[in-house]
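Working notes for the structure below.
Here is how names work: the chains are called A, B, and so on, in the same order as the sequence lines, proteins then strands, and each is numbered from 1.
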Amino acid sequence: MADYDFQSIEKKWQQYWRENEVYRVQIDSSRPKYYVLDMFPYPSGAGLHVGHPLGYIASDIVSRYKRLKGFNVLHPMGFDSFGLPAEQYAIQTGQHPAITTAQNIKRYKEQLSNLGFSFDWSREVQTSSPDFYRWTQWIFMQLFESWFNQATQKAEPIVSLTKHFEQDGNSSVQAACDEETPGFTAEQWRNFSEAEQQKILLNYRLTYLADTVVNWCPGLGTVLANDEVKDGFSERGGYPVERKKMKQWMMRITAYADRLLEGLETIDWTDSLKEMQRNWIGRSTGCELDFKVQDSEITLTAFTTRVDTIFGVTYITLAPEHELISKLTTADQQEKVSAYVETAVNRSERDRMTDVKTVSGVFTGSYAINPLSGELVPIWVADYVLAGYGTGVVMGVPSSDDRDYRFAQHFDLPIVHVIEETETLDDPTEKKHGTMVNSGFLDGMDSQDAIPAATQRAEELGLGKAKVNFRMRDAVFSRQRYWGEPVPVYFKDDIPHLLPEDELPLELPPVDEYKPTESGEPPLGRASDWKYRDEHSYELTTMPGWAGSSWYHFRYMDSQNDEEFVSEEAQKYWESVDLYIGGTEHATGHLLYSRFWTKFLYDRNYVSVDEPYKKLINQGMIQGQSSIVYRVKGKNEFVSAGLIDNYDVTPIHVDVSLVTNDVLDTERFQQWREDLRYVTFVLEDGKYICGSEVEKMSKRLFNIVNPDDVVEQYGADTLRLYEMFLGPLEQSKPWNTNGIDGVFKFLRKLWRLFHDGSGNFTVSEETPTPEELKILHKTIKKAQEDIESYSFNTTVSSFMICVNELTSLKCKKRTILTNLAIIISPFAPHISEELWHLLGHESSVTSAEFPTYNDEYLVENTHEYPISINGKVRTKLNFAMDASKETIETVALKDETVQKWLDGKSPKRVIVVPKRIVNIVV
RNA sequence: GCGGAUGUGGCGAAAUUGGUAGACGCACUAGACUUAGGAUCUAGCGCCGCAAGGCAUGGGGGUUCGAGUCCCUCCAUCCGCACCA
């Protein structure tokens, strides 16, 4: 073998690892466990791009490192294989999504195996496989059979609730339930019909059916969860989303709002991610106040976080969707109000969001009584009040809330200042806190103290109560789609019933087409003869994409188990994920839902942990470097980037593979697409220069770089090292190969350390010198510390330094090189394995241990001190390590260079910081 | 608007508790070996300056013997949320 032949080395070892199943793990209570997980990919048709492996490489490094450190490492991989793209493709082509999905998975696995990851493929999961979704359905059933006890803050079996109802009705139960659940006694409960009882229980179950306003996406023909909607458009596909009232399966995640918040304190995630979840949950403490409507039986309840400003209320506003509007509207306002409500309600979500500055509203003609001041205030309707938050009723305090202020100014409503000095401000809402004025019994108090005081008074009067509100809503669980888990429910007399457990999985039935039925039912409505016991119709919606990913981290622990979703033994051994690596885009979706399901499974004693992921790292996104060509408008002519100022051009994305260093390969460009065959070019310096743009890597922008191509050219080890060397893991960066040669050179130098000039493997058996030992142990120490703090880019640097130093010492000593091969192996497993093999060992995966460094070799005899005068370094002096401060000071002051800089002046002070610096202050 | 983060050479980036700013790599320059190569090795490489030296971590101010690091303030970029009462 002449030189570093990465292609045959990588192929050889990948095959060896696969055939010998070296990465297979078993429960082994004699060793500590470590669980490293990647967010599993959705197998898209575009295949992997160079951005995908970034996180996988990092997790693989940690896995291999931990394994070398003696841990029993669980490092699995699988596929989140239900999803919209496969179904969209099925709609267009009629091909079953399972076929497309299987093809894509095959491609993904090939691409992944080219990179030498240490996944235990025997534990692979696919969320679309019946063996897997059987348990997703099973967990759904457990949620259906549970309610949330606010008193204990835990989910309990539904039977404990019915028992309670039988004995005491529902008045003494503190349960998470629907707002409009009526009260009943034990006797009433017993007299309810079965159907009535079931209907009531639905108000309590953790998964339940409800009529709610949902995000309906006509373009996708389905409902979407809040986190799947961005700015009024669907996250996938970018179709417009409208509000629609529909009967849907829901998950009562709001029951867990407090637990989800508290749990954040116990896990090691970044502050920004925790903050995102906190904002999403949006807990706010405040007070509900009852405003009686004048000359009416109606009472309007408003939620506020600022009860202290109650005396500043000059009007009340309702959301346009509020159901009492018609009853509150007086005859003379009737026309105006219904016109306003009509337009406001029909306004698309998108409009309402973009247009937040326009103030609009209408007076109902009615008045309400301020519960604390007794004053009469007008009742308005305005679209800045959201039906979905709080009670849909807002008390308007123009002097301390800027929306209320804008509203009052626009409609010329009175403004009453209740905080001292706000009346002098141009915008009174700038001052949020201070001493209360014009506020009756609150006068003179600080606003912070006035909040509890006002709450207390309202409670005494029976006109209000302290209340905690959440921004987070219950999650919609139904999708009007084919390619998802069927909901294991059938309907008998309109009442949902669960399938018996032993009849799971309820598999997806074949359908003739993947579109909704003519009557507008979901695709499953097309399945013929798909009925429970041939008579009861099944639920026709399927589960959302996040269902399977909410619990898959448990399935890996015991993926072949067909008795349970995970055995107690496996779960207790592997516990939970020690390190989870993935993108930040799942902050308020997957990462919240899987925390919710884990807490639920914990409550019901199915697992022993209540947080799924102990430590989470968000790897940055690798962006694409798009290339752009400029077409002259109306012509078949393209202009080089430097000349576009002289033309009227349309920029067009061009495939990056046709471009080298911004220069377009014009011939291949002409062959790229049929319509480009006869185009002409305006060149500069004989070349066509493309523009470039850093954007998300996407098929649509033709900027995808396939890792296979990089592996082909440089090898997997180089790609792995290079992606790590590119910069900190968490940081986003554009992909470029500018520095990849440096990394490749490093591997070649490493190879040459083990070989002589003509490429024959040579190591010497000589004893290493202290200098060589120092280089090695310094590198071991650095690598260990850096890997443990996930600073992989600096680890690579220290490997480079180490190899350079050993090369210049011409060190070929076995003991040094053996250790070197091991510490590099987590990053570059193939070359290390080959070298380890050449050194006479079997596989490093099973036989090697990460070396420990020895401080003795790192000890220095002397230390070089920078000597600074007034903070500026002027010279350096060597001192023995154990030199006393006095000695250092004395010697330094006598030094010739120091004398020169002191220029006859005597020093005021000398600061000697051991092993750091000597600073002389003049 | 609110919340989070970031800002260091031509470029990607390093820098334990405040203690030699720019490690490592790319690019670049010069040289060596070579029947030219996108190979390898050696040296140089923040800016100004022949040098001595001076100036440099987004701008301004502060604390300190000493600040990339701590405090205040302003600016720029990125991300998340956004009429949440």
Side-chain angles (χ1 to χ4, degrees), chain A residues 3 230-231 270-280 282-284 286-287 302-306 309 317 319 352-359 382-386 388-397 400-404 406-407 469-473 584-585 587-588 618 620-621 721-722 725-728 730-734 736-746 748-749 752 757 785 789 791 793-802 804 807-808 864-876 907-922:
Chain A
D3 209 346
K230 295 262 139 60
D231 296 328
T270 60
D271 288 336
S272 73
L273 201 90
K274 288 185 184 180
E275 202 53 34
M276 270 192 232
Q277 292 211 340
R278 282 191 200 106
N279 288 341
W280 185 262
R283 186 183 204 269
S284 57
C287 181
F303 174 75
T304 179
T305 55
R306 294 297 305 270
T309 63
T317 332
R352 236 168 123 166
M353 265 194 268
T354 44
D355 181 27
V356 291
K357 281 177 210 86
T358 317
V359 178
D383 70 355
Y384 80 86
V385 181
L386 303 175
Y389 183 78
T391 58
V393 180
V394 167
M395 61 180 219
V397 187
S400 63
D401 182 283
D402 64 313
R403 291 154 312 190
D404 297 348
R406 265 189 283 142
F407 191 80
N469 239 317
F470 293 96
R471 207 175 70 98
M472 181 170 67
R473 313 255 55 93
T584 180
E585 67 271 19
T588 51
N618 289 122
M621 218 192 326
L721 279 162
Y722 183 59
F725 186 68
L726 224 39
E730 293 92 336
Q731 203 168 296
S732 286
K733 49 229 158 190
N736 69 67
T737 49
N738 289 347
I740 201 166
D741 285 325
V743 172
F744 184 70
K745 266 187 234 171
F746 155 72
R748 197 154 48 193
K749 273 187 204 165
R752 285 180 185 164
E785 287 170 356
S789 59
S791 176
N793 54 333
T794 53
T795 322
V796 179
S797 293
S798 67
F799 291 155
M800 290 179 172
I801 295 168
C802 178
N804 283 342
T807 304
S808 61
E864 189 183 59
Y865 280 80
I867 315 295
S868 71
I869 293 161
N870 287 340
K872 226 161 197 88
V873 175
R874 295 303 179 185
T875 186
K876 290 165 192 172
K908 275 189 203 139
R909 219 173 130 185
V910 180
I911 296 133
V912 179
V913 186
K915 288 178 77 179
R916 291 282 180 203
I917 200 164
V918 179
N919 192 19
I920 301 163
V921 187
V922 188

C1' spacing across the pair rG38(B) / rG44(B), given as an integer number of angstrom: 22 Å

Find out whether Glu275(A) and Thr270(A) are in side-chain contact, i.e. whether some heavy atom of one side chain is under 4.5 Å from a heavy atom of the other. no

If I pick the C1' atom on rG22(B) and the same atom on rC47(B), what distance separates them, to the nearest angstrom? 13 Å

Check every atom of rA82(B), rA14(B), rC41(B) against the side chain of Lys749(A) and return the nucleotide holding the closest atom. rC41(B)

Going by purine N1 to pyrimidine N3 plus the second Watson-Crick contact, or the G-U wobble pair, all under 3.5 Å, which nucleotide sits opposite rG25(B)? rC11(B)

P-based separation of rC78(B) from rG12(B) [nearest Å]: 16 Å

Where the side chain of Glu275(A) is defined as all heavy atoms beyond and including C-beta, which of rG54(B), rG4(B), rG19(B) is the nearest nucleotide? rG4(B)

Counting only Watson-Crick or G-U wobble pairs whose two distances fall under 3.5 Å, which nucleotide matches rA52(B)? none

Using atom C1' in both nucleotides, what's the gap between rG25(B) and rA5(B) to the nearest angstrom? 26 Å

Which nucleotide, in any strand shown, forms a Watson-Crick or G-U wobble pair with rA67(B), with both distances under 3.5 Å? none

Distance check, C1' atoms only: rG18(B) and rG62(B), in whole angstrom units. 15 Å

Gap separating the OH atom of Tyr384(A) from the CZ atom of Arg406(A), nearest 0.5 angstrom: 9.0 Å

Between Ile740(A) and Arg473(A), which residue's closest nucleotide on RNA chain B lies nearer the 5′ terminus? Ile740(A)

Nearest to the side chain of Asn919(A), heavy atoms from C-beta on, is which of rG25(B), rA23(B), rG66(B)? rG66(B)

Could you please name the option among rC65(B), rA85(B), rG25(B) that lies closest to any side-chain atom of Val385(A)? rA85(B)

Could you state the atom-to-atom distance from CG of Asp3(A) to P of rU40(B) in whole Å? 9 Å

Where the side chain of Pro866(A) is concerned, which of rA85(B), rU20(B), rC24(B) is the nearest nucleotide? rU20(B)

Nearest-angstrom distance from the residue atom CH2 of Trp280(A) to C1' of rG80(B): 11 Å

On RNA chain B, more 5' by nearest nucleotide between Val921(A) and Gly388(A) is Val921(A)

Distance check needed: rG19(B) P versus Glu864(A) CD, whole Å only. 17 Å

Rounded to whole Å, the CE-P distance (Met621(A) to rC79(B)) equals 9 Å

note: Tyr389(A), atom OH; rA85(B), atom P; distance rounded to Å ~ 4 Å

Let's see if you can work this out: which of rC24(B), rU20(B), rC83(B) has an atom nearest to the side-chain heavy atoms of Lys876(A)? rU20(B)

Among rA85(B), rA15(B), rC83(B), which nucleotide sits nearest the side chain of Asp383(A)? rC83(B)

Look through every strand shown and name the nucleotide pairing with rG3(B) as Watson-Crick or G-U wobble, where both distances are under 3.5 Å. rC79(B)

Would you measure the distance from the C1' atom in rG66(B) across to the matching atom in rU73(B) and give it in whole Å? 23 Å

OP1 or OP2 of rU40(B) sitting under 4.0 Å from any side-chain N/O of Arg748(A)? yes

Closer than 4.0 Å, any side-chain N/O of Gln731(A) to the OP1 or OP2 of rA5(B)? no

For atom C1', what is the distance between rG53(B) and rA14(B), given to the nearest Å? 27 Å

Interatomic distance at C1', rA85(B) relative to rG4(B), whole Å: 24 Å

How long is the line joining CG of Asn738(A) and P of rC28(B), in whole Å? 11 Å

Examine rA82(B): is either OP1 or OP2 under 4.0 Å from a nitrogen or oxygen in the side chain of Asn279(A)? Give yes or no. no

If the cut-off is 4.0 Å, is Lys745(A) near the phosphate of rC26(B), judged by side-chain N/O to OP1 or OP2? yes

Any non-hydrogen side-chain atom of Thr807(A) less than 4.5 Å from a side-chain atom of Arg752(A)? no

Taking only the side-chain heavy atoms of Lys872(A) (C-beta and beyond), determine which of rC55(B), rU20(B), rC65(B) contains the nearest atom. rC55(B)

Measuring to OP1 and OP2 of rG25(B), would you say a side-chain N or O of Asn804(A) lies under 4.0 angstrom away? yes

From CG of Asn618(A) over to P of rU6(B), roughly how many Å is that when rounded to an integer? 14 Å

What nucleotide among rA85(B), rA14(B), rG19(B) has an atom nearest to a side-chain atom of Ile911(A)? rG19(B)

Selected nucleotide, minimal atom distance to Asn793(A) side chain, candidates rA14(B), rA85(B), rG12(B): rA14(B)

